[in-house]
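Just so you know, ligand 1 is whichever comes first in the structure, and atom 1 is the first atom listed for that ligand.
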Amino acid sequence: MEKQKRSSFSGKLGFVLAAAGSAVGLGNIWRFPYLAAEYGGGIFLLTYLVLAVTFGFTLLIAEIGIGRKTGLSVAGAFTKLNRKFKFLGYFEALVPIIILPYYCVIGGWVTKYMVTFLTGQGVTAASDGFFGAFVGNASEPLLWFSIYLGITAIVVLLGVEKGIEKVSKVMMPVLIALSIFIAVYAMMQPGAIEGVKYYLLPDFTKFSHKTVLAAMGQLFYSMSLAMGIMITYGSYMKKDVNIESSVRQIEIFDTGIAILAGLMIIPAVFIFSGPEGIGAGPSLMFVTLPKVFESMFAGEIIGGLFFVLVLFAALTSSISLMETIVSIFMDLFKTSRTKTCVAVLILSVILGIPSSLGNGPWAHITIFGMAFLDFFDFISNSVMMPVAALITCIFIGYVVKPKTIIEEVETNGAFKSKNLFIVTIKYIAPICIILILLTSILSVLGYMNL
Ligand code: TRP
């Protein structure tokens, strides 16, 4: 009896840690803080939290449920439940292909900062214009992008993910502890209180459909939703592990780290750049944190350690992204693992180059007014993922019916938030996603002045 209990516990912990390892990455540490800063601070945080406990919870349950029920990854899973929905599997599989290249561009920036701090040049990194000069240059960011992508590809090629995951399980708690320390330090500096207020107190006048779209895209991105990845994780989940409580834990983990990253960065923006600094976008973390480290005792070492930890969190995510693409292509084209890895690597280099150059020499080339990196980010998080999530809701809510998932969740214990799940998947989520998508399309086309 005793033994059985322990093994099912470790099964659950193993599952939660693996899923959280994929979920926690640059999305939490790099992307969440700059979006929160840009979209009104507290109001973004509040919107995000509301969406996390409704949309995030429901979709995570649905995806993990689909995976565990069918025992298959994305393409096969939808086909098994209903042949007509095969296309959704392929559509979702496109998302990681778009995300991986630009994820590696940002991963390259992290690598560059890590090396800068570890070689004792942290003070230079804190100087004004350092980041701009770095990304403005053509070859340097490309070099770091190639190094980062190369590491990711080697791990996938050699199949040594397990080793990296083990290291990362040790590093994750250290990352959390260090982030708490940095956040507390930043919040204790003079001038930080304005930033803390901005981040934690919602200002409802700043609320618009854009807040919801940004928060929704971030939610999907951060929890690795609407791209089939959680279906794959679900397919590896043991039948005796409780889906509902695992999902709660993954959510708390992922959201907790995002909130913490905001506390580490946003008050510091108010100290070092003033309120004007909040619109910095993707550069926010790279511009702000070196200044925090510079003002700290032993900041160079702490900064170096911080970027090492972030690099590992990012690597577990990019490895999982690449692994997903490789296995989809292997199924599709029946090619060997090595050949497929090389093909995915080449594709990622081709797609990653414009994202890297778009911050510098190619800054004048824009698509719908966006640089390449922002465009790839927008098309995946704000268009494709909401569409995939919408189709998933219709599929579960009306085609195979919520009971398909509910039965799977109830295989071990009661489904406590069953009603929330049904109402969200059938009504709230689809209606909200349709409204948000329509409003965005109309405002992009210029029909509405929002
Ligand atoms: N959730 C990851 C992060 O926050 C990024 C990500 C998106 C991801 N989709 C994924 C990671 C698929 C692994 C697999 O950084």
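Taking Thr340 as the reference, Thr335 meet the side chain to side chain donor-acceptor pair (under 3.5 Å) condition, with sequence neighbours excluded.
Remark: the Arg68 side chain and the Thr411 side chain contain an N/O donor-acceptor pair separated by less than 3.5 Å.
Among protein residues, Ser22, Ala23, Gly25, Leu26, Gly27, Asn28, Tyr103, Tyr221, Ser222, Ser224, Met227, Ile229, Ser317, Ser320, Leu321 come within 4.0 Å of ligand 1, judged on heavy atoms.
Ring centroid separation for the pair Tyr34 and Trp30 comes in under the 6.0 Å cut-off.
Relative orientation of the Phe395 and Phe85 rings is tilted, given thresholds of 30° and 60° on the angle between their planes.
A cation-pi arrangement is absent between Lys206 and Tyr39, since the terminal nitrogen or guanidinium carbon is not both under 6.0 Å from the aromatic centre and inside a 45° cone about the axis.
Screening Phe372, Tyr148, Phe145 against Val105 for a side chain to side chain contact (heavy atoms under 4.5 Å, CB included) leaves a single residue, Phe145.
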